[in-house]
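Data first, discussion second: the structure below is written as structure tokens.
The model shown is predicted, which means the values in this text are computed figures rather than measured ones.
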Amino acid sequence: MKLTRRVLLAAPLFAPSIGRAQSGWQPTRPIQLIVGFAPGGGSDIIARTIAEACTPLFPVPLVVVNRPGAGGALAAEQVARAAPDGHTLLIAGGSESTSLPAHRELPYDPKKSFTAVIRLTRNAHFICARGKGGRFTALEQVIEAAKVRPEALTHGSSGVGTLSHSIFIMLGRATGTQILHVPYTGGGPQQQALLAGQVDLVVQASDELRGLAASGDILPLACASAQRMPAYPQVPTLRERGIELVADNMKGWVGPAGMPPEMVSYLHDRFRQGMSAPGWQRFMQTTGEADGYADGAGFQRDMDTLLDAIRAAMRA
């Protein structure tokens, strides 16, 4: 499969706090930042934005490489098989890490095949109905209708095994309902299906919602995060509706298993400093998201927790 590359050239000057008298591990060649989705998507934009913010902090170029396919699993397999030398990282935390492994066997173990470095974002998911001309204005109406006629309602997803699919599986387990799954090939097609009235419900990320929620074409009914999102303060969480379901679309860097601590610390510290750069801060303000930072251990723990919850729902 053809790889798409864009090189972000390292600046000749480095931040004074880390660029001088450096000791311990340092990269010696360009660092490949692998993205499991096509250019222009959410994961790609996050990877390129943080790479640009961190360019002055590294003595080598940061190269974003797109390896789309299989819901991010192709890219994850590539990084899992790479040498743990700090020069290959994956933008992880989404379906390839927390959902796909619950649906099918993969050539990597999301809990053992990687070394988590840092979490950058926690992108909220919203359960959404059609706004103008739609039949639902509250999640309680959806649950009531689904209980009266199991599988009479439909929900779209961005593909079998993706987080947007798994969230409805967990919702069904938590509420004792069954909503018929209609898979599409991505977030855009499922959104169009909702607008056309071909499905009753979808899961949308906050950045996908922005214009259509403001126009009233799509109505977010509930948020699958632990707290309400600053960009949508009027939308209650599922927990507020008595449904114990938290499923954020996390994004951060992981490398192959076996990376030594000094290597992880080097990478973590520079990406963490890059999160304070003006370019990254502008990006976060534009998307309306809160700071999603977690260290490697916290990032891995949250990915494992979500994967376990999806696996439990699948067994049920």
Side-chain angles (χ1 to χ4, degrees), residues 3-10 18 24-39 41-69 71-98 106-122 249-275 277 280 283 292-300 302-303:
L3 305 185
T4 302
R5 296 173 178 263
R6 184 182 298 174
V7 178
L8 300 171
L9 296 178
I18 60 175
W25 182 85
Q26 290 190 69
T28 58
R29 63 180 188 277
I31 296 175
Q32 292 196 47
L33 305 176
I34 311 298
V35 178
F37 302 91
S43 296
D44 179 71
I45 293 171
I46 289 170
R48 294 185 187 281
T49 303
I50 192 63
E52 184 174 4
C54 292
T55 288
L57 308 177
F58 283 85
V60 297
L62 304 177
V63 185
V64 176
V65 181
N66 296 90
R67 186 87 173 0
L74 291 181
E77 180 183 4
Q78 176 184 343
V79 174
R81 296 180 183 277
D85 59 9
H87 293 86
T88 307
L89 300 177
L90 171 73
I91 192 80
S95 294
E96 77 293 318
S97 307
T98 62
L106 294 171
Y108 59 87
D109 184 332
K111 294 186 178 184
K112 298 179 181 179
S113 297
F114 303 99
T115 302
V117 175
I118 188 172
R119 187 176 67 196
L120 304 167
T121 67
R122 293 180 65 189
N249 185 19
M250 299 172 278
K251 297 299 177 188
W253 296 119
V254 304
M259 291 170 58
E262 62 271 20
M263 184 183 296
V264 175
S265 294
Y266 180 99
L267 295 167
H268 168 277
D269 292 350
R270 279 146 189 80
F271 284 114
R272 180 56 174 154
Q273 184 167 336
M275 292 174 73
W280 179 257
F283 168 73
Y293 168 75
D295 63 10
F299 184 26
Q300 187 66 57
D302 287 349
M303 287 191 289

Leu120 side chain near Met250 side chain, heavy-atom distance below 4.5 Å: no
Audit row: Phe283, Ile50, side-chain contact (heavy atoms from CB on, under 4.5 Å) steps and yes/no: CA-CA 9 Å; Phe283 168 73; Ile50 192 63; over 6 Å; no
Close side-chain approach of Cys54 to Leu62, heavy-atom, < 4.5 Å: yes
Between CZ on residue Phe58 and CG on residue Leu267, distance to nearest 0.5 Å: 5.5 Å
Test item: Ile31 and Val60 side chains (from C-beta on) under 4.5 Å apart, heavy atoms: yes
Lys/Arg N to Asp/Glu carboxylate O, Glu52 vs Arg48, below 4.0 Å: no
Residue pair Gly296 / Ala116: nearest heavy atoms and the distance that separates them: O-CB, 3.3 Å
Asp44 CG to Ile91 CD1 distance, which is reported to the nearest 0.5 Å: 9.5 Å
Pairwise salt bridge (Lys or Arg N to Asp or Glu O under 4.0 Å) hits with a residue in residues 253-267, at least two apart: none
Qualifying residues under side-chain hydrogen bond (donor to acceptor under 3.5 Å, both in side chains), relative to Asp302, sequence neighbours excluded: Arg119
Side-chain donor or acceptor of Thr88 paired with backbone N/O of Pro84 under 3.5 Å: no
Contact check, side chains of Arg81 and Pro256, non-hydrogen atoms, under 4.5 Å: no
Worked verdict on Thr49 versus Trp280 for side-chain contact (heavy atoms from CB on, under 4.5 Å): CA-CA 6 Å; Thr49 303; Trp280 179 257; 3.7 Å; yes
Residue pair Gly71 / Ser95: nearest heavy atoms and the distance that separates them: O-CB, 4.3 Å
Centroid-centroid under 6.0 Å between Tyr293 and Phe271 rings: no
Arg29 CZ to His87 NE2 distance, which is reported to the nearest 0.5 Å: 4.5 Å
Nearest non-hydrogen partners of Phe299 and Ala92, listed with the distance: CZ-O, 3.6 Å
Arg67 versus Ala75, closest heavy-atom pair with distance: O-CB, 3.8 Å
CD-CG distance between Gln300 and Asp295, expressed to the nearest 0.5 angstrom: 11.5 Å
Expected output: side-chain Asn66 to main-chain Val35 donor-acceptor under 3.5 Å: no
Distance-minimising heavy-atom pair for Gly93 and Met303: CA-SD, 3.5 Å
Interatomic spacing from CG in Leu33 to CD1 in Ile46 - rounded to 0.5 Å: 13.0 Å
Distance, nearest 0.5 Å, that separates CG of Leu89 from CD1 of Ile118: 11.0 Å
For the student: nearest non-hydrogen atoms of Ala73 and Leu106, plus distance: CB-CD2, 4.1 Å
Residues that Phe114 engages under ring-ring contact (aromatic ring centres under 6.0 Å, His included), provided they are two or more places apart: Tyr108
